[in-house]
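Notes for the one structure printed next.
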Amino acid sequence: MEITSFEQFELNRQLLNAVTELGYTEPTPIQQKTIPLSLENHDVLGIAQTGTGKTAAYLLPLLMKIKYPQGTNPRALILAPTRELVMQINEAVSAIGKYTGLRHLALYGGLGPKTQIEALQKGVDLLVATPGRFLDLYRLGEIVTKDIRTMVLDEADKMMDMGFMPQIRSVLEVIPTKRQNLLFSATFGGRVERLSAEFLEAPIKVEVTPQASTADMVSQVIYEVPNFRTKVNLLDYLINKDAFQRVIIFARTKSTAENIYKFLARKVVESDRIRVIHANKGQNTRINAMEAFKEGNIQVLVATDVAARGIDVAQVSHVINFDLPLIYEDYVHRIGRTGRANHTGEAITFLTMAEEYHVQKIERIIRMTIPRKPLPTEVEVMETPFDEQQAMLREIDEQRRKEDPTFLGAFHEKKAKNLPNAKDRLKAKSKLPGSKKAASQGNNGRSGAANRKTGTPVSAVKRSGSRGGRR
Ligand code: AMP
């Protein structure tokens with residue numbers, strides 16, 4: 001039976017009213033596929049990225065099951081990797097569970113447990129938690145787990161990336177074995193597969209491919225940019241265009257995020273229209289920045305991947321990847337910030353020659369080639385400073401070695417390779433241009449020179465067939 005309305009799920013009136021109020025007219029594909037299964041009490045493995053409506057996909061049947069407030073112990077547990085995501089899921093529970101009266105609570109670290117303990121003692125029906133904080137409070141004797149009948153793991157791939165497996169195992173040991181399990185993940189690979197084998201019972205796997213959702217909803221484009229300063233110029237140029245009304249700029253590191261923020265706040269965007277969030281920012285600063293961004297009071301949010309996880313803002317006009325994430329799935333999370341349910345958006349990636357390697361990996365994950373555009377003529381192209389050039393060439397060498405461990409390095413291994421043992425090699429390496437100390441001495445970067453001449457950043461990176469895949 002084709003499902004085109006929420007009425008067909010036979011949810012209770014309280015939930016249907018909330019869904020109507022939220023303006024959801026039609027279930028999204030992941031909702032169509034997983035809600036009936038969850039309602040029938042199956043274990044479900046949902047492969048869906050953020051922006052597909054996955055949160056409501058597990059919340060609706062879950063709230064249907066726990067229905068109304070009862071007793072004092074939680075009857076359902078949702079685990080998520082970060083406090084931002086926990087807060088976001090908890091907000092979704094507030095919205096979708098608005099008319100159910102269910103008592104729900106977000107548990108996360110970064111602040112004292114007192115308020116959370118007080119709320120627990122008043123009685124709750126549903127917990128949304130990071131694994132660490134859940135265990136801390138459990139060990140303090142503040143959570144009674146015996147009535148938990150449903151367990152959800154959200155963004156399971158991220159939890160694996162963040163090394164939460166031991167905590168998840170500990171949680172599983174302290175909750176009843178007779179329960180329904182729902183696991184959601186943006187990607188499905190080795191570790192998530194193992195987790196699901198350990199954690200789910202005869203699960204039914206439902207997949208909404210990122211291919212369809214990212215490609216349909218988000219137009220993606222790459223600009224090849226020779227260096228950091230030119231990236232800054234391009235950013236300056238783009239942000240000033242009218243269409244860039246609500247922009248998230250992603251950076252891999254805290255310091256890059258901070259530098260982008262300082263530059264834009266000084267020269268490009270009015271300082272009260274821009275915020276930055278990263279791990280060094282206090283909890284309150286991050287929450288305030290996200291709220292201000294949600295309300296449309298600021299135009300630009302600069303963020304690192306971890307800080308941005310869980311941001312749910314409709315109508316982000318543009319996502320700019322100032323650089324590429326090293327956890328490739330984060331690319332999918334990043335661009336999922338734009339083009340959310342029923343809005344189209346644009347994701348723009350700035351790419352140096354050292355990032356070419358990463359984009360190839362990402363393109364494999366999203367199963368498409370991201371189109372490239374030439375740099376707008378208005379953008380001033382800067383000379384690449386010597387140190388930056390060296391650093392990029394070193395990175396490219398590293399990448400080639402990763403693909404092919406026998407590769408000796410076009411850039412700085414030549415001298416080292418004839419040395420008798422590993423220790424001597426290391427010593428020699430520290431004297432070569434690869435080391436910080438030597439970074440300002442002479443240019444041995446032959447591959448780099450070739451690159452600069454031809455302007456083809458790819459040549460040094462193209463995979464030379466990763467012989468046997470040894471890594
Ligand atoms: P999620 O993938 O759970 O992060 O959801 C992405 C966004 O889609 C959120 O802002 C939801 O409120 C919204 N959403 C979820 N389900 C629907 C639906 N059926 N129709 C329209 N919007 C939805």
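Sequential numbering from 1 along the given sequence is applied to the chain's residues. Counting starts at 1 for both ligands and their atoms, following the listed order.
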Going by heavy-atom distance to atom 16 (N) of ligand 1, choose the closest among Glu91, Gln31, Lys54, Gln32.
-> Gln31

In terms of its nearest heavy atom to atom 15 (C) of ligand 1, the top option of Phe184, Tyr58, Tyr24 is Tyr24

For Lys231 and Asp323, what are the C-alpha separation, side-chain angles and deciding distance, and is it a side chain to side chain contact (heavy atoms under 4.5 Å, CB included)?
-> CA-CA 9 Å; Lys231 282 188 176 184; Asp323 48 30; 3.8 Å; yes

Which of the numbered atoms in ligand 1 are under 4.0 angstrom from any heavy atom belonging to [X]?
{"X": "Glu26", "result": "18 (C), 19 (N), 20 (N)"}
{"X": "Thr55", "result": "1 (P), 3 (O), 4 (O)"}
{"X": "Thr28", "result": "17 (C), 18 (C), 19 (N)"}
{"X": "Phe6", "result": "19 (N)"}

Less than 4.0 Å between a side-chain N and a carboxylate O, is that true for Glu7 and Arg13?
-> yes

How far apart are the closest heavy atoms of Asn12 and Met64, and which atoms are they?
-> N-SD, 3.3 Å

Does any pair with a residue in residues 153-194 pass ring-ring contact (aromatic ring centres under 6.0 Å, His included), and if so which ones, sequence neighbours excluded?
-> Tyr58-Phe184

Nitrogen or oxygen of Ala56 less than 3.5 angstrom from that of ligand 1 = no

How about Arg372 and Val359: do any of their side-chain heavy atoms sit closer than 4.5 Å?
-> yes

Would Tyr331 and Phe250 count as a close aromatic pair, with their ring centres under 6.0 Å?
-> no

